[in-house]
Amino acid sequence: MNKDLNVYDNALQLIGNTPLIKLNSITADFDGEFLAKVEAFNPGHSSKDRIALHIIEEAERTGVLKPGDTIIETTSGNTGFSIAMVSIIKGYECILAVSSKSSPDKIDALKAMGAKVYVCPANVSADDSRSYYSVAKRLHEETKGSVYINQYFNELNIDAHYLSTGPEVWSQTKGEITHLIACSGTGGTISGTARFLKEQNPEIKVIGIDAYGSVIQKYHQTREFDATEIYPYRIEGLGKNLIPTATDFDAIDEFVKVSDEEAAHSAREIATTEGLFVGYTSGAAIQGVKQLAAQGEFTKDSKVVIIFPDHGSRYMSKVFSDKWMSDQGFFDSQNEEAVATIEY
Ligand code: PMP
């Protein structure tokens, strides 16, 4: 970066150092101070910019990745967008295997960033040959000079947040943070941030947000994989039907489960109360905060940092579509939100 002119060499230099923004309304009835780490301020509009850059630069540094190589990944969208962005700027090819559950907006955005996209069925088991894990693995084997990021099983995913998100939160709160609340998908965000924060102060309480239909909370409680926990759900990027090694379960104190419907309403509420247009899992995180507050988790001395992982624009055809909300049965017929468009 040319500091005199305030000009960046490329968008990658803007990754990280996202703002911590005080929530003034949605949490006003709860004891404590609530601060959102708004990851949509990354150039690729999500926290996944951090891991894409870190993992790719580590692969370059160790010589695994060479100029013109291909980067392959499984992704619900955000990681893919970030990898596509880094690939374009650094000159790599990018192939992504995406779940059919991902919103059409996300898939179009990946194509717009020059990635080759394979859409794979969402409701098959991870070891099914059609799952996006299997497809990515196969593409990696078939493509010469390719690197598979494998975010669910890559320790560098945790390291990316240990090296950036954790130190940022610590310094932005001047070390006064008492709680970290973060959604857990690969688990990289919560694990890396928690590891760093707990090294500074082991008293900080770390709470993960999980989905109904995911095995993560149960695994945390029992350390056993319980397949009966698994069923389809709508929130993207949160919860899992397998146990990712990118989750450090020992760094997390507890998990809270949130419903698709309540998380969706909470996401819409963040926009209309705080003026922050953030994604579905930001709603899930706030929904978790509401449940925790109702259980008496916070006191007036609590300083709670909540990770908002991505931008609302990725959900225009889902959470921010009245039709989609209505089709899911998330609006009841009496609900005036269902007639939000006023014809004049
Ligand atoms: N929210 C969204 C929208 C995501 O895409 C992801 C990543 N799958 C997460 C939350 C969870 O982040 P992590 O994978 O670091 O646990």
Side-chain angles (χ1 to χ4, degrees), residues 18 36-40 42 44-52 54-55 73-83 96-99 101-103 105-107 109-110 122 132-133 149-166 180-195 206-211 214 216-217 220 233-249 251-252 255 258 260 263-264 266-267 270 277-288 306-315 318-320:
T18 53
K37 179 87 169 144
V38 186
E39 291 291 290
N42 281 298
H45 308 140
S46 88
S47 54
K48 294 297 183 178
D49 283 3
R50 298 174 188 267
I51 72 160
H54 181 66
I55 295 173
E73 182 54 327
T74 51
T75 168
S76 69
N78 282 329
T79 305
F81 191 91
S82 298
I83 293 171
L96 303 167
V98 177
S99 159
K101 199 168 76 170
S102 293
S103 62
D105 325 344
K106 280 186 177 175
I107 293 170
L110 300 177
Y132 58 109
Y133 308 106
I149 300 278
N150 203 8
Q151 60 172 332
Y152 286 90
F153 298 96
N154 192 332
E155 186 73 20
L156 294 172
N157 177 355
I158 299 183
D159 292 351
H161 292 285
Y162 177 87
L163 294 168
S164 66
T165 321
L180 172 72
I181 315 282
C183 295
S184 196
T186 65
T189 306
I190 190 166
S191 304
T193 310
R195 264 189 202 168
V206 176
I207 303 172
I209 306 297
D210 192 24
S214 154
I216 299 295
Q217 184 194 49
H220 184 253
Y233 57 90
R234 298 180 185 86
I235 313 178
E236 296 163 36
L238 159 63
K240 215 59 225 166
N241 57 356
L242 51 71
I243 309 300
T245 58
T247 307
D248 178 356
F249 286 89
I252 302 161
F255 280 92
V258 298
D260 288 336
S266 287
I270 297 168
F277 192 44
V278 290
Y280 200 169
T281 54
S282 303
I286 281 294
Q287 180 55 34
I306 307 148
I307 309 281
F308 283 180
D310 71 352
H311 196 263
S313 58
R314 298 214 163 134
Y315 306 89
K318 291 204 167 175
V319 171
F320 296 108

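Here the structure is a predicted model, which is why all the values come from computation and not from measurement. Ligands are counted one by one from 1 in listed order, and the atoms in each one are counted from 1 as well.
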Within the structure, is a non-hydrogen atom of Asp310 found at a distance of less than 4.0 Å from ligand 1?
yes
I need the atoms of ligand 1 closer than 4.0 Å to a non-hydrogen atom of Gly188, numbered in the order shown.
15 (O), 16 (O)
Mind checking whether Leu238 has an N or O less than 3.5 Å away from an N or O of ligand 1?
no
Under 3.5 Å donor-acceptor, Asp260 side chain and Tyr233 backbone:
no
Ligand-side contact atoms (ligand 1) for residue partner Thr186, heavy atom cut-off under 4.0 Å:
13 (P), 14 (O), 15 (O), 16 (O)
Check whether Lys240 reaches the backbone of Ile216 with its side chain - one donor and one acceptor, N or O, closer than 3.5 Å.
no
Just heavy atoms, cut-off under 4.0 Å: does Lys48 contact ligand 1 by side chain, backbone, both, or neither?
side chain
In ligand 1, the atoms that come under 4.0 Å of a heavy atom of Ser184 are 16 (O)
Residue pair Ser191 / Val206, side-chain heavy-atom distance below 4.5 Å
no
Under 4.0 Å to a heavy atom of Thr189 - the qualifying atoms of ligand 1, by number
12 (O), 13 (P), 15 (O)
What is the minimum heavy-atom distance between Ile209 and Leu238, and which atoms define it?
O-CD1, 2.7 Å
Considering only heavy atoms of Asn78, which atoms of ligand 1 have at least one such atom less than 4.0 Å away?
2 (C), 3 (C), 4 (C), 5 (O)
Heavy atom of Arg314 under 4.0 Å from ligand 1?
no
Could you tell me which atoms of ligand 1, counted from 1 in the order shown, lie closer than 4.0 angstrom to a heavy atom of Tyr315?
3 (C)
Which ligand 1 atoms, with their elements, are less than 4.0 angstrom from a heavy-atom of Gly187?
13 (P), 14 (O), 16 (O)
Is the backbone N or O of Ala246 less than 3.5 Å from a side-chain atom of Glu155, with the two atoms forming a donor-acceptor pair by type?
no
Answer yes when Glu236 and Lys318 have at least one side-chain N-carboxylate O distance shorter than 4.0 Å, and no when they do not.
yes
Backbone N/O of Glu39 and side chain of Asn42: donor-acceptor pair under 3.5 Å:
yes
Can you find an N/O atom of Pro309 closer than 3.5 Å to an N/O atom of ligand 1?
no
Aromatic rings Tyr133 and Tyr152: how do their planes relate, parallel, tilted or perpendicular, breaks at 30° and 60°?
perpendicular
Relative to ligand 1, is Phe81 under 4.0 angstrom through side chain, backbone, both or neither, heavy atoms considered?
neither
Mutual orientation of the aromatic rings belonging to Phe255 and His220 [parallel < 30°, tilted 30-60°, perpendicular > 60°]
perpendicular
